Amino acid sequence: MHADDGSRPDLSTVPDAVFRLDSEGRITYVNAAAELLLERRTEELLGRRARDCFPTAVNSIAEERYRQVIEDGRAREFEYLYEPQDRWYEVRVFADPPGISVFFRDVDNRHRAQAEREAEVRRLTSVLEALPSATVLVDADQRILTGNRAWASTLALPARAIGVPGSDYLAAVGTGLAPSDSAAIATGIRRLLDAPDGTVPAPFDHEYPRSTPTTTGWFRLQASRVELSRRVVVTHTDITERVRSEQALAWRARHDELTGLPNRSTLLDLTAAALAAGTDEGGAGAALLVLDLDGFQTINDSLGHGIGDQLLRQVGHRLAATLRPGDAVGRLGSDQFVVLAHECDGAEAAALAFRLQGTFTRPFPASGISVPLSASVGVAVAQPGARDPHQLLSDADAAMFAAKSMGRDRVRLFTPGLREAARWRLEVATRLRDEAIDQLVVHYQPVVRLDTGAVEGVEALVRWQHPERGLLPPDTFLSVAEETGQIIPITRWLLRETSRRAAEWAAQGLPLSMSVNVSARHFSAETLVRDVRLALRDSGLAPDRLVLELTETSIAEDPTRAEDQLTVLRSSGVRVAIDDFGTGWSSLAQLFALPIGTLKIDRSLLVAAERVTGGEGGAVLAAIVALTRTLGIRSVAEGVETVEHLRMVRRAGCDLVQGWLLGHPMPGEDIPAWVRQVEEAGGDLCALAVAGTPVHAAR
Ligand code: C2E
Ligand code: CA
Ligand code: CA
């Protein structure tokens, strides 16, 4: 019945083997299958006690079970290793009064495969345990076979038995995930499991956020098919830190670090979206408002960048709080902000601009002090069909520059003419940097004593000999030079050029004073004192021949800093004049506290005085002049164009005059001849002017 070499054919497919025992344990029946499996013939077994036939089974678990079934009549089922064969059987025992029926079959292969699998799982588990990431082994039914400790702890599994061996993997991993991530993971795992045996599918990789009631963490899931089996190993690595730092980086790329507001490129993106939406819906377009804080550079320089930063943050907060929901404010850099308003026509945009300005009426507290701020606002409203956010921004920018040039705290709406102005500013900025210093020329306007009519000196006024546009007046390019900082090298050059000129004239017997205009930027740069000293040293000009003209607004921006530098200059003999008096708001007391020798009264005061009839206008002028007199300050009347002007300023008691009536600005080469002409005509320029015989430059 069986092979004599000891090996057996595979008997796992044999139908159930059966034998029966009576209550005494005697074998009463054996079927053919049992004969085969037990390797005994029926005649050897029938009528004999089972324990005599199978001595190895004595006191075994099998014998124990048989006895129990005989005793209580309840069926039993168990697996049993039959030692003589070293094979596993599955055994079912039923009561069959008076004895029992025993059904059994060879499950050795299955049992050993199972044991093998379990051993493998145990082995894998110990490997998994060594992995730092939460790792599970998933079977073909997507059930968890085993998971390491990190898996249990990282996932902070809920009390329900998901995530434990035997439970559904997708349900376990899916808790706290977005449906799209769950679906992606299900598909990825399915693909690995469904790959035909013998192939090695590419690993599946997916990153996803997972939320618990308290936090959101980020994970990277990597799944690969275990070779030669339909199982998948899945690791879940916590990448929260990496993702957070990536997110922080991305955030920084889109925002201004200091204020936390969107930055320029973000604002441009938002604007592009608003323009596209406006065009598609045909409603009112978007508007951009560029705000530039007035004189912020000076605040930064004088109060320090720490306070400057605090102020900028507060400005950002206040602006943000003023906006309608959906509108946005960003920072363009330094002291510039930009507001995007959706569906906004010109009138609404202007109203918004004034509302934004209104946020500056209260001063800004910073480190225990209270700083008043104001902003110049440029407004550009998108034309129907406009799509280019850069254009809109540069329009708003141009309008802002126009607002700035009108003074502080102004609002200006964009007009197409400003686009030309913006283009010009750009050209000036590049040219001034590269070549234009060589193209600058200086013209000199006489400054005349009112009492004798003698020429006391000249004021240097810069012009740009533009290769294509001809001779350009200073207001076409100096404001750009102020912005770009080029004004400093320009003035440095000018100081040398004019000192040299004045020294040359003095050597020719023409001792004229030389007035040079200095910008506020030069105070901030703190190089003024040195630049002046060098110019004087190199030219040999007597310091008291040099007059520095400063506008009252430039001094008002930072009086302390101005005072320090002016005091140093003054002590070296250089003289200082306040220019354009009457156009700013500075207090006279503050001005007169400075070491100034001359006050230049702006032409606008003259014009205003002229309009007031009955001589009362002249009274204002006279009051100012009287005040300067008592302080030992000399006064210059600027912009004297007519004989009537001349009479008025003489009545007011001015010391000096300057204006077209007496002499236009002229090239330096012309000055000596012109002065000689004046002297030849008697030397009293005022008298000559009143007599209607002005002296023209003799070239
Ligand atoms: P400012 O310092 O007030 O110079 C006087 C301006 O008045 C000059 O204009 C001069 O040409 C003009 N002017 C002279 N007499 C009369 C007159 O009778 N009637 C009228 N209506 N105007 C008269 P300009 O040369 O165009 O200069 C304009 C401004 O540019 C100057 O005003 C000054 O603020 C600035 N500027 C000129 N040169 C320089 C410079 O080298 N450095 C700096 N920082 N600013 C300068
Ligand atoms: Ca001047
Ligand atoms: Ca002036």
Side-chain angles (χ1 to χ4, degrees), residues 405 407 428 432 436-437 439-448 457-465 470-499 501-502 513-525 528 531-532 535 546-555 575-584 596 598-608 610 635-646 648-649 654 656-668 685-686 689 694 697:
S405 68
V428 170
L432 280 181
I437 271 212
Q439 297 166 356
L440 295 183
V441 294
V442 190
H443 283 192
Y444 299 88
Q445 184 177 34
V447 179
V448 178
V458 291
E459 175 178 2
L461 295 161
V462 72
R463 277 101 183 78
W464 179 5
Q465 187 66 59
L471 194 65
L472 298 176
D475 48 352
T476 56
F477 60 93
L478 282 188
S479 63
V480 183
E482 291 259 358
E483 276 157 35
T484 62
Q486 273 305 102
I487 190 71
I488 291 166
I490 288 176
T491 308
R492 194 175 291 141
W493 169 81
L494 205 84
L495 283 165
R496 288 171 168 274
E497 172 71 14
T498 55
S499 309
R501 208 36 117 171
S513 69
M514 176 63 74
S515 296
V516 178
N517 296 284
V518 174
S519 110
R521 275 297 285 264
H522 225 121
F523 280 119
S524 316
L528 184 62
D531 293 338
V532 167
L546 185 63
V547 184
L548 301 180
E549 293 195 4
L550 300 147
T551 60
E552 52 170 333
T553 38
S554 76
I555 290 172
R575 293 186 288 157
V576 179
I578 296 297
D579 201 357
D580 299 347
F581 178 77
T583 57
I596 55 169
T598 312
L599 187 74
K600 297 191 78 170
I601 298 165
D602 194 72
R603 188 180 140 67
S604 57
L605 276 189
L606 212 64
V607 173
E610 193 181 24
S635 54
V636 184
E638 286 191 304
V640 170
E641 288 180 359
T642 62
V643 174
E644 188 42 50
H645 287 158
L646 189 64
M648 197 160 69
V649 302
C654 290
L656 299 156
V657 274
Q658 195 179 339
W660 294 342
L661 177 71
L662 304 160
H664 284 262
M666 60 191 103
L685 202 50
C686 295

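Computed from a predicted structure; not experimentally measured. Atoms within each ligand, like the ligands themselves, are counted from 1 in listed order.
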Under 3.0 Å from the Ca ion (ligand 3) - protein N/O/S, by chain and number: Asp579 OD1, Asp580 OD1, Glu638 OE1, Glu638 OE2
The Ca ion (ligand 2) - name of the N/O/S atom of Glu459 that sits closest to it: OE2
Residues which pass side chain to side chain contact (heavy atoms under 4.5 Å, CB included) with Thr484, listed by chain and number, not counting sequence neighbours: Ala429, Val480, Gln486
Flag side-chain contact, heavy atom, 4.5 Å: Leu548 against Leu546: yes
side-chain contact (heavy atoms from CB on, under 4.5 Å) partner of Val518, the single match among Leu550, Asp579, Ile488: Leu550
Phe477: partners by ring pair (Phe, Tyr, Trp, His ring centres under 6.0 Å), with sequence neighbours left out: Trp464
Closest non-hydrogen atom pair, Leu661 against Ala689: CG-CB, 3.9 Å
Presence of N, O or S from Ser515 under 3.0 Å of the Ca ion (ligand 2): no
Verdict with supporting geometry, Glu638 and Ile601, side chain to side chain contact (heavy atoms under 4.5 Å, CB included): CA-CA 6 Å; Glu638 286 191 304; Ile601 298 165; over 6 Å; no
Side chain to side chain contact (heavy atoms under 4.5 Å, CB included) between Val447 and Ser513, intermediate numbers included: CA-CA 9 Å; Val447 179; Ser513 69; 5.7 Å; no
Test side-chain contact (heavy atoms from CB on, under 4.5 Å) applied to Val442 and Arg501, Arg463, Glu497, the passing residue: Glu497
Gln445 to Gly663 - nearest heavy-atom pair and separation: NE2-O, 3.1 Å
CA sep, side-chain torsions, deciding dist, call: His443, Leu471, side chain to side chain contact (heavy atoms under 4.5 Å, CB included): CA-CA 11 Å; His443 283 192; Leu471 194 65; 3.7 Å; yes
Within the 4.0 Å heavy-atom sphere of ligand 1, strictly under, residues: Gln445, Glu459, Leu461, Val462, Arg463, Pro474, Leu478, Leu494, Asn517, Asp579, Asp580, Arg603, Glu638, Gly639, Val640, Glu641, Gly659, Trp660, Pro665
